[in-house]
Amino acid sequence: PIYSATRKYCDFIREYTGITNEAYIKKLYNARSKFLHEGLILFSETPWEDERNICDDDDYWLRKNIIGITRASIINWLLRQ
């Protein structure tokens, strides 16, 4: 059987972060796909942006959440190895 990238990602996030909100996991996956497949970067990743001026931007908070969730999932995965 084919085990899709979407399912692998969602299972990994569920298992190693404890996040169970399917809508939120899907939002994370969709953002990940845009970064990887469309070559998009987040507004807050541009080197000329002053972080203090964009803290109210949804993109800023999505980026911060993705970074934190990624860190937590990798740490939890490593601890189980």
Side-chain angles (χ1 to χ4, degrees):
I2 296 175
Y3 194 60
S4 74
T6 304
R7 186 168 172 193
K8 284 182 185 180
Y9 179 85
C10 294
D11 287 351
F12 185 86
I13 293 298
R14 260 186 245 103
E15 182 171 349
Y16 294 106
T17 66
I19 296 172
T20 58
N21 182 323
E22 292 301 318
Y24 190 68
I25 292 172
K26 196 70 160 170
K27 183 176 181 175
L28 295 173
Y29 180 79
N30 290 337
R32 170 214 168 264
S33 294
K34 285 182 181 180
F35 305 143
L36 292 176
H37 301 299
E38 298 175 22
L40 298 178
I41 63 169
L42 292 167
F43 176 71
S44 52
E45 285 183 316
T46 55
W48 54 86
E49 284 303 325
D50 182 354
E51 194 169 274
R52 292 170 294 174
N53 293 331
I54 58 172
C55 289
D56 292 333
D57 190 307
D58 287 340
D59 183 67
Y60 172 84
W61 293 109
L62 178 60
R63 176 178 178 259
K64 291 295 186 187
N65 287 337
I66 289 171
I67 290 168
I69 290 166
T70 301
R71 284 181 182 156
S73 63
I74 291 170
I75 289 168
N76 289 332
W77 177 80
L78 287 170
L79 290 172
R80 292 188 194 178
Q81 299 306 305

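Please read these numbers as outputs of a predicted model, since none were measured by experiment.
- Note that the CD1 atom of I69 and the CG atom of L28 stand 4.5 Å from one another [nearest 0.5 Å].
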With side chain to side chain contact (heavy atoms under 4.5 Å, CB included) as the criterion, how do E15 and N76 come out once you've worked through the C-alpha distance, each side chain's angles and the decisive distance to 0.1 Å? CA-CA 9 Å; E15 182 171 349; N76 289 332; over 6 Å; no
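- F12 is linked by a side chain to side chain contact (heavy atoms under 4.5 Å, CB included) to Y16, S73, W77, counting only residues two or more places apart in sequence or in another chain.
- Partners of Y9 under the ring pair (Phe, Tyr, Trp, His ring centres under 6.0 Å) rule, at least two apart in sequence or in another chain, are Y29.
- The hydrophobic cluster containing I75, built from Ile/Leu/Val/Met/Phe/Trp/Tyr side-chain heavy atoms closer than 4.5 Å, also comprises L79.
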Let me see the working for K27 and E22 under side chain to side chain contact (heavy atoms under 4.5 Å, CB included), right down to the final yes or no. CA-CA 9 Å; K27 183 176 181 175; E22 292 301 318; over 6 Å; no
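- Scanning all heavy atoms of the two residues, the minimum distance from T70 to I66 falls at OG1-O, 2.7 Å.
- Interatomic distance, I25 CD1 to R14 CZ, rounded to the nearest 0.5 Å: 5.0 Å.
- A distance of 10.5 Å separates CG of D11 from OG1 of T6, quoted to the nearest 0.5 Å.
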